[in-house]
There are 4 protein chains.
Amino acid sequence: MRKSPKQERSRQMIDTLIDATERCIIEKGLDFTTTSRIAELANVSVGSLYQYFSSKEELIEALMNKMADDIGVGLKKLPINELSSLRNLVTGAIHFGFTMLNSRNGLYLELARNWYRLPADNVANALQQHFLELSRIYFLKYYREYPIDDLEVRIFIIVNSTIFTMVRLISQNNSMWREKDIENGLIEMILAYLQTNPEPQSHVGIDSR
Amino acid sequence: MRKSPKQERSRQMIDTLIDATERCIIEKGLDFTTTSRIAELANVSVGSLYQYFSSKEELIEALMNKMADDIGVGLKKLPINELSSLRNLVTGAIHFGFTMLNSRNGLYLELARNWYRLPADNVANALQQHFLELSRIYFLKYYREYPIDDLEVRIFIIVNSTIFTMVRLISQNNSMWREKDIENGLIEMILAYLQTNPEPQSHVGIDSR
Amino acid sequence: MRKSPKQERSRQMIDTLIDATERCIIEKGLDFTTTSRIAELANVSVGSLYQYFSSKEELIEALMNKMADDIGVGLKKLPINELSSLRNLVTGAIHFGFTMLNSRNGLYLELARNWYRLPADNVANALQQHFLELSRIYFLKYYREYPIDDLEVRIFIIVNSTIFTMVRLISQNNSMWREKDIENGLIEMILAYLQTNPEPQSHVGIDSR
Amino acid sequence: MRKSPKQERSRQMIDTLIDATERCIIEKGLDFTTTSRIAELANVSVGSLYQYFSSKEELIEALMNKMADDIGVGLKKLPINELSSLRNLVTGAIHFGFTMLNSRNGLYLELARNWYRLPADNVANALQQHFLELSRIYFLKYYREYPIDDLEVRIFIIVNSTIFTMVRLISQNNSMWREKDIENGLIEMILAYLQTNPEPQSHVGIDSR
DNA sequence: AATGAATGAGACTTCATTCAT
DNA sequence: AATGAATGAAGTCTCATTCAT
């Protein structure tokens, strides 16, 4: 139950605290992000922190919501729309992912790594929904007959596959592979998958085409 | 060189401790796995624990190595070989993944969720290497001309995509989607991806737009 | 001297704050009565609270004084006087006690429980003095020769015995005994005690053994 | 859930901690008795305290149980039995009460003051039961016809009246009255009460005999 | 080697009080 | 005078690690 001190001051303090939390996570990692360190980074007393957030958990939740918003905004700014080719759409999305994970000094990367311990549902849903809608529109436009009933499943698979593959890649600092290669690989995989007919029954080896 | 009783004893203690660690993780989750609880489950004193492992970290590392071995063994037992069709190979692998993540009361699931905080490289490599070799052999057999220079990239993408998509699926207890659907989806995606030509320049959108 | 508006305002604020304190104690209990909660219930800022009371302690003191006054007023309203029989006097007093402790949603009950941490002297004295005077008058009327020098001691004993026995009774929600039984028991005890000769040397056991 | 370290060492530590708690309560009062102060007084780390008591609450509970035992032992040692006169029995009991409350530098006094915030049931029951049985035996011996069905009520009233009157007396350091006077007054009151017939219906004033 | 009691830094949270506006 | 944001000491509890026996 967060108190709502009046207006400006309040909003600013909340932002300051969330910002400090971000910096703490970036500098120390989520495991060493403590309420006192956050307060210190915000140049504020611990007491103040608890005047705006009733618990560390709530503060983290606010951060996650902000992240969800940021990603939502970022997604909308993407220069991809239903007029692009599918390849362009996918390429843009993948690029967006890498950009996000590399931005903010790796903040989102650290959050993604720790998704299981965080209230990450909003973020996951934001991504899920956006791409679901985008693909719905796209396929409806060009292939009215396209069987989109398993689109949700496909998007779930694609979104998760993509994010965690990228996270894993970036997390190993020894770039065994160039980011570009993985980027291309992901694009190929996604395109190939989307062009597949749903619910195929034929058990085909590579040469069964 | 025959093992001395001492070494025997030692080996046994180490196994007991690792086993206790596993049970603790299963019962309490990684976050609530403490050295005391481990020692208690092992019917051993904390002091003894520290006789065999110089830190909690090291114990966890041993656990991860054991996990890597177990997975290696499991992989070799897979009834899939270079004589199967690609679809059969992939299906078997995916099935193996789900089986693993659901086995041991979710031990591997919990470890996979927390991979970033764990020395998970060996495990990742074991998987990576196994599938890399398997696919090398397979493709060499059927497509000597197959350009396998980007096979590592593909395997990296596929392995990570698969594991984390499965982990995410299992972690949301509200099975929005049936495991079977995701399983099939993953299989389709992987097959489609592997049948793609490497380094493609052609813009093969559904209609090449 | 007419009160200035200022004093008026001040008086009103003080009352509001004391009232809020009472409500807080009733709702949360003394242990969870904080200055912020009081201010909140009073629809006033903490700052204002400290404008009128230099500390929480002082506010509580004011509350206790008000309580002393209230009890004084209540005592005077009692339909008992020196014309009643002693039994009627005592019965009325005991009844008054239970009524008080059960009134105001248990406010006085909570305060009585915590008497030691509170400036409860005024309250104690109010009760003490009232019953001392009442009994003085009563005994002087009927027994001019009654040695009232130990009356103070008797009243001290009676008042404290009564209050805390009642508090203990009400505090155990499992009414092992009906309130009525304890009420009667107290009445009997007090009557028996008051009818005793002071400073008795005779060993009047049931059979003087 | 207290751990049970082996044997001697354990028992000793538990005693040391309870002892430190007692000293802390005596020196600082219950309100300023903190886990760290207790540990400090016990020359032990806070961690050790929590190895033996899973919470401050549990430690306090152990202290209360010890108090209940001590009182039980003290009661049994009382040189009063069913052969004494009732006056002697009561005198002994009252004396015992004052002795207890004045012993241990006021430890029991402070605990009695704070009964409501403490797990005091065992102590209350110990006293209640002891005196209930004692009086049962006594009355059965001399007055087989004595209606003892309301004895519980009487003992409840007497025990609580006595304790809290004594506590109140001792708590006001300005001995307005000599302890001896209150002691005698209590004795008279109790004797007078016990010699009363139960459930009287006559509404008698002091002169209505 | 084994034991497990002891350690103590450090995490989260509360709340009476102050002070700039 | 009023506000309420800010303060920070203090409280409870945890847990990886050490060390005397």
Answer yes or no: are there more than 12 heavy-atom neighbours, outside E40(D) itself, under 6.0 Å from its atom CD?
-> no
Calculate the interatomic distance between Q12(B) atom CD and dA1(E) atom P; express it in whole Å.
-> 14 Å
Would you check if V123(B) and W115(B) make a side-chain contact, meaning some heavy-atom pair closer than 4.5 Å?
-> no
Got a second to check how far L30(B)'s CG is from I60(B)'s CD1, nearest 0.5 Å?
-> 6.0 Å
Whole Å only: how far is the CZ atom of F53(A) from the P atom of dA5(F)?
-> 14 Å
Using a cut-off of 4.0 Å between protein heavy atoms and nucleotide atoms, how would you tag nucleotides 13-20 of chain F 5' to 3' with B, S and -?
-> BBBBBB--
For E40(A) and dA6(F), what is the distance between atoms CD and P respectively, to the nearest whole Å?
-> 17 Å
Could you tell me whether the side chain of K56(D) and the main chain of T33(D) form a donor-acceptor pair under 3.5 Å?
-> yes
Within a strict 4.5 Å, meaning less than it, do heavy atoms of the I18(B) and F53(B) side chains meet?
-> yes
Mind calculating the distance between CD1 (I14(A)) and P (dA6(F)) to the nearest angstrom?
-> 11 Å
Can you tell me the distance, in whole Å, between the CG atom of L49(A) and the C1' atom of dT14(E)?
-> 13 Å
OP1, OP2 of dT3(E) versus side-chain N and O of S45(B): anything below 4.0 Å?
-> yes
Is any side-chain heavy atom of E22(A) less than 4.5 Å from a side-chain heavy atom of D19(A)?
-> yes
Students should find that the end-to-end axis angle of the helix from dA2(E)-dT21(F) to dT21(E)-dA2(F), with five pairs defining each axis and rounding to 10 degrees, is 20°
For atom CD1 of I60(C) and atom C1' of dC15(E), their distance in whole Å = 14 Å
Roughly how many Å is it from CG in L17(D) to C1' in dA5(E), rounded to a whole number?
-> 12 Å
Could you state the atom-to-atom distance from OH of Y52(D) to C1' of dT12(F) in whole Å?
-> 20 Å
Is the CD atom of E57(A) crowded by more than 12 outside heavy atoms at less than 6.0 Å?
-> no
Any I26(A) side-chain heavy atom under 4.5 Å of E110(A) side chain = no
Would you find more than 12 non-hydrogen atoms of other residues, nucleotides or ligands less than 6.0 Å from K28(D) atom NZ?
-> no
